[in-house]
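Please read the structure below before turning to the comments.
Remember, predicted model here, so these are calculated numbers, not experimental data. Below, chain A is the first sequence line, B the second, and so on; all start at residue 1.
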2 protein chains.
Amino acid sequence: MKNDPRLSLRLHFEQGLTFGRGKADLLQGIAEEGSISGAGRRLKMSYRRAWALVEEMNGNFRAPLVDSSRGGAKGGGATLTELGQAVLADYRALEAMLRKAPELDSLRASLCDMSDKK
Amino acid sequence: MKNDPRLSLRLHFEQGLTFGRGKADLLQGIAEEGSISGAGRRLKMSYRRAWALVEEMNGNFRAPLVDSSRGGAKGGGATLTELGQAVLADYRALEAMLRKAPELDSLRASLCDMSDKK
DNA sequence: ATTGGTTATGTCAGACTAAACATATCGGAA
DNA sequence: TTCCGATATGTTTAGTCTGACATAACCAAT
């Protein structure tokens, strides 16, 4: 119930940016793993892609969501900025609100059961 | 404010179906225009695509959302089934709930202003 | 200096998507 | 019977997105 795989909320803003579970999970992964590559491994996503998503986010928000540094003993790493933490929290809040909405259950009940193929 | 172009909510269900503003607007267009092609014209979407979306929806829900008939004086037409109306209403309700959420304003405030290019 | 894990980019083929064009069918109304 | 606007599909091309591979730069610790 913590991470409902059945539901995914994607927001599409006028600036052209889309923000959904992929980016949210990536932000969370970075926060918990301490690096972009670590988050990529956890999410089974190539570093190339993870990095591209980070760049997209950093470029579309007022300020970067992810702060990264390279080199050093551990090779470098990345952390969430305060804005990054706030954005992640906001998204999670919206997700939780959506999950509790009765209309969502109504929609689910209108779908085919899982037993249906393709 | 009725149709906020800045925001789009897309739901991704486990069955693989995605349902967002495109399909919702299409359903509404069909309800108001009385035909798939009319809705397509209004939404500036090819009939080919509009029809494909309808078929996808009809196939992924318990029962069809759109009822269509061909031939006749007006060439045919399409209307929403009760389930179709219900699904549309549920989606609009979720959309409205989301729009009122304070976290959404918070997210918006974190984005770049419109003046930014690309 | 060497090392190791990470950030940061480039490239390129293949998969997937979207758009454009083309037909065939239907059936009430004139 | 002919016509018209709509449904219902097929085909093809163009464009976009994705994934895999490759490489360079970075720098604290050893």
Item checked: ILVMFWY network linking A:M97 to A:Y91, side-chain heavy atoms under 4.5 angstrom -> no
Notebook entry, point to check: Can any side-chain N or O of A:K23 pair as donor or acceptor with the backbone N or O of A:T18 at less than 3.5 Å?
Noted result: yes
Note to self: Donor-acceptor check, side chain of A:S8 to backbone of B:H12, threshold 3.5 angstrom: yes or no?
What the structure shows: no
Item checked: Separation of atom CD in A:E33 from atom P in C:dG5, rounded to whole Å -> 15 Å
Next item on the list: Check for a donor-acceptor pair, side chain of B:S37 on one end and backbone N or O of B:Y47 on the other, with a separation under 3.5 Å.
Entry: no
Check: Short question: side chain of B:S69, backbone of B:G76 - any donor-acceptor pair under 3.5 Å?
Finding: no
Check: In whole angstrom, what separates B:L43's CG from C:dA19's C1'?
Finding: 16 Å
Margin query: Rounded to whole Å, how long is the line connecting atom CG of A:D67 with atom C1' of C:dT7?
Written below: 12 Å
Next item on the list: Starting at atom CZ of A:R49, determine the distance to atom C1' of C:dT9, rounded to an integer number of angstrom.
Entry: 17 Å
Check: In terms of hydrophobic clusters joined by side-chain contacts under 4.5 Å, are A:L26 and A:L7 together?
Finding: yes
Nucleotide N/O to protein N/O under 3.5 Å, stretch nucleotides 1-11 of chain D:
| unit_1 | atom_1 | unit_2 | atom_2 | d |
| --- | --- | --- | --- | --- |
| D:dG5 | N2 | B:G75 | O | 3.0 |
| D:dA6 | OP1 | B:R41 | NH2 | 3.4 |
| D:dA6 | O5' | B:S37 | OG | 3.2 |
| D:dA6 | O4' | B:G75 | O | 3.4 |
| D:dT7 | OP1 | B:I36 | N | 2.6 |
| D:dT7 | OP2 | B:S37 | N | 3.1 |
| D:dT7 | OP2 | B:S37 | OG | 3.3 |
| D:dT7 | O2 | B:R70 | NH1 | 3.3 |
| D:dA8 | OP1 | B:S68 | OG | 3.1 |
| D:dA8 | OP2 | B:W51 | NE1 | 3.3 |
| D:dA8 | OP2 | B:S68 | OG | 3.1 |
| D:dA8 | O4' | B:R70 | NH1 | 3.3 |
| D:dG10 | N7 | B:R48 | NE | 3.3 |
| D:dG10 | N7 | B:R48 | NH2 | 3.1 |
| D:dG10 | O6 | B:R48 | NE | 2.7 |

